[in-house]
There are 2 protein chains.
Amino acid sequence: METPIALPHVEVDVVVFTLCQHDLKVCLVRVDDAIWQLPGGVVAKHEGLEEAALRQLVEKTGVSAVYLQQLYTFGTPDRITHQRLISVVYLALIAASRLPAGCADTPALSMTWHSVYALPPLLLDHGAIIDYALTRLRYKIEYSAAAFELLPEEFTLRELQDAYMIILNDRTLDKANFRKKLREAGILESVSRYRETGGRPAKLYRFRKDAQLEVKARRFFP
Amino acid sequence: METPIALPHVEVDVVVFTLCQHDLKVCLVRVDDAIWQLPGGVVAKHEGLEEAALRQLVEKTGVSAVYLQQLYTFGTPDRITHQRLISVVYLALIAASRLPAGCADTPALSMTWHSVYALPPLLLDHGAIIDYALTRLRYKIEYSAAAFELLPEEFTLRELQDAYMIILNDRTLDKANFRKKLREAGILESVSRYRETGGRPAKLYRFRKDAQLEVKARRFFP
DNA sequence: TCAAAAGTGTTCAGCTTACACCCATGA
DNA sequence: TCATGGGTGTAAGCTGAACACTTTTGA
């Protein structure tokens with residue numbers, strides 16, 4: 001290699017979220033007894049960044065076709081002493097129903113799902129990275145249909161609303177208004193099946209594949 | 001250096017916008033007679049990414065204190081043949097009033113300001129990068145006060161509205177409603193000075209340093 | 001006194017919010 | 001028939017779009 005200049009190490013890290021047990025969970029890999037880290041690693045020679053992120057994801061979760069999006073690149077020199085480390089961070093969303101082992105704790109493996117609301121000690125700045133990813137996820141589900149990526153193929157409106165409330169950490173969504181907005185958005189189609197619940201059975205819906213979620217120009221400001 | 005794996009080249013590129021002559025302009029550096037590129041270069045050994053972007057900016061524009069924000073990292077292997085190139089792209093906004101030479105064309109220098117609405121042939125995927133930056137800028141000015149970074153310290157409401165209309169490429173903003181929204185946002189303070197115009201003089205305003213532009217939770221969707 | 005540009009008020013439609021109500025099922 | 005959760009309708013209030021209007025300057 002012709003490397004006159006000092007080339008920095010480049011990694012990808014992936015913040016993988018899933019919804020499980022009425023909680024938002026993030027995929028973490030054990031470093032040692034006390035410390036955890038995000039799934040991640042070096043980018044291979046002829047690999048794209050997204051490709052590398054996807055590889056990490058498949059290795060750790062066994063799932064390949066997922067919502068995957070680049071978030072931010074962290075690269076301040078103080079992240080790690082005596083070395084430069086650049087991390088390109090990706091956000092991934094996986095429905096728990098698509099995880100081979102579900103999101104149950106499998107203590108044998110070095111990978112585990114942790115509630116974002118109760119994180120263990122984390123490597124380097126991975127805690128800050130997860131916070132950032134969570135913030136971005138919260139924005140994302142409000143102006144796009146990203147939340148559907150965290151639900152099974154078919155779901156009830158209550159389950160969808162729960163997903164929003166868990167992610168936003170906000171219990172105050174009004175049921176009637178939530179449903180009305182979805183009806184008007186026209187992005188759901190009902191299936192002629194029902195989910196058994198404690199009371200009246202709930203209609204099942206699915207996301208319309210052909211839905212064009214046209215985010216109207218917003219003009220919050222000015 | 002201990003480099004068992006092939007380390008990729010990492011660059012920063014900066015998309016610098018300014019407003020000038022009723023047009024949105026981007027800073028470009030000449031590659032050769034026919035081709036232009038974004039200001040950018042390799043990241044130095046112990047330099048942060050943002051630091052490197054700022055260095056590029058000072059070298060090319062002479063301005064240091066600016067709005068500077070990371071946008072995206074481009075790193076597909078097909079960007080450049082027989083080599084891997086990762087570009088961390090930053091967005092910068094500079095008010096033309098702060099440019100040492102203004103934004104007039106200075107043909108002697110290799111740096112020139114080009115209208116984003118009439119770009120010359122560009123290196124690699126720099127055209128796509130500028131498009132992306134413009135899209136992000138348009139979102140940004142609608143939910144933050146970023147547009148002020150492109151205006152002089154003191155400005156008239158008309159100039160502010162013009163800035164929005166130029167950037168959004170949309171002439172249909174209503175004057176009365178635009179002003180009402182700004183008044184209610186409470187982020188401007190009037191100076192007791194006026195700008196001479198063709199007709200009635202226009203009051204000058206400035207951005208309130210203490211303004212907390214609280215972007216209210218939006219809930220477009222659901 | 002007229003043109004040009006600054007600056008304001010008012011209406012109406014549509015959307016959001018809050019809340020009350022009815023429905024279907026199992027125990 | 002009661003508890004549980006699913007599902008809907010509507011009035012009050014707020015917001016945004018459209019547009020007409022007044023004010024201040026220079027020529």
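Computed over heavy atoms, backbone and side chain alike; hydrogens, waters and symmetry mates excluded. Just so it is clear: chains get the letters A, B, ... in the order the sequence lines come, proteins before strands, and each one is counted from 1.
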Looking at residues at least two apart in the chain, or sitting in another chain, which of them share a ring pair (Phe, Tyr, Trp, His ring centres under 6.0 Å) with A:Phe155? A:Phe148
Heavy-atom nearest nucleotide on DNA chain C for B:Lys180 versus B:Thr156: which residue maps closer to 5'? B:Thr156
Those residues that, when tested against A:Ser64, pass side-chain contact (heavy atoms from CB on, under 4.5 Å) (two or more places apart): A:Val58
Could I get the full list of side-chain contact (heavy atoms from CB on, under 4.5 Å) partners for B:Tyr72, not counting sequence neighbours? A:Gln70, B:Phe74, B:Tyr132
How does protein reach along nucleotides 20-27 of chain D, written 5' to 3' as B (base within reach of a heavy atom under 4.0 Å), S (only sugar-phosphate), or - (no contact)? ---BBB--
Partners of A:Pro201 by side-chain contact (heavy atoms from CB on, under 4.5 Å), sequence neighbours excluded? A:Tyr194
Contacts table for residues 186-193 of chain A: side-chain donor-acceptor under 3.5 angstrom, sequence neighbours left out:
unit_1, atom_1, unit_2, atom_2, d
A:Glu189, OE2, A:Arg206, NE, 2.8
A:Arg193, NE, A:Glu154, OE1, 3.2
A:Arg193, NH2, A:Glu154, OE1, 3.4
A:Arg193, NH2, A:Glu154, OE2, 2.5

Only counting residues at least two apart or in another chain, list the ones meeting salt bridge (Lys or Arg N to Asp or Glu O under 4.0 Å) with B:Arg200. none
Determine to 10° how strongly the helix from C:dT1-D:dA27 to C:dA27-D:dT1 is bent, judged from the axes of its five-pair ends. 20°
Please state how far atom CG in A:Asn177 lies from atom P in D:dG9, giving the value in whole angstrom units. 13 Å
Taken in chain and number order and not counting sequence neighbours, the residues that satisfy side-chain contact (heavy atoms from CB on, under 4.5 Å) with A:Thr135 are A:Tyr139
For nucleotides 12-15 of chain C, give me every protein contact, N/O to N/O, under 3.5 Å, one pair per line with atom names.
none

Those residues that, when tested against B:Asp131, pass side chain to side chain donor-acceptor pair (under 3.5 Å) (two or more places apart): none
Answer yes or no: does atom CD of A:Glu59 have more than 12 heavy-atom neighbours from other residues, nucleotides or ligands under 6.0 Å? yes
Compare the minimum distances between each of C:dG7, D:dT8, C:dA5 and the side chain of B:Arg179, then state the nucleotide with the smallest one. C:dG7
Among residues two or more places apart or on two chains, list those pairs meeting salt bridge (Lys or Arg N to Asp or Glu O under 4.0 Å) that have a residue in residues 89-101 of chain A. none
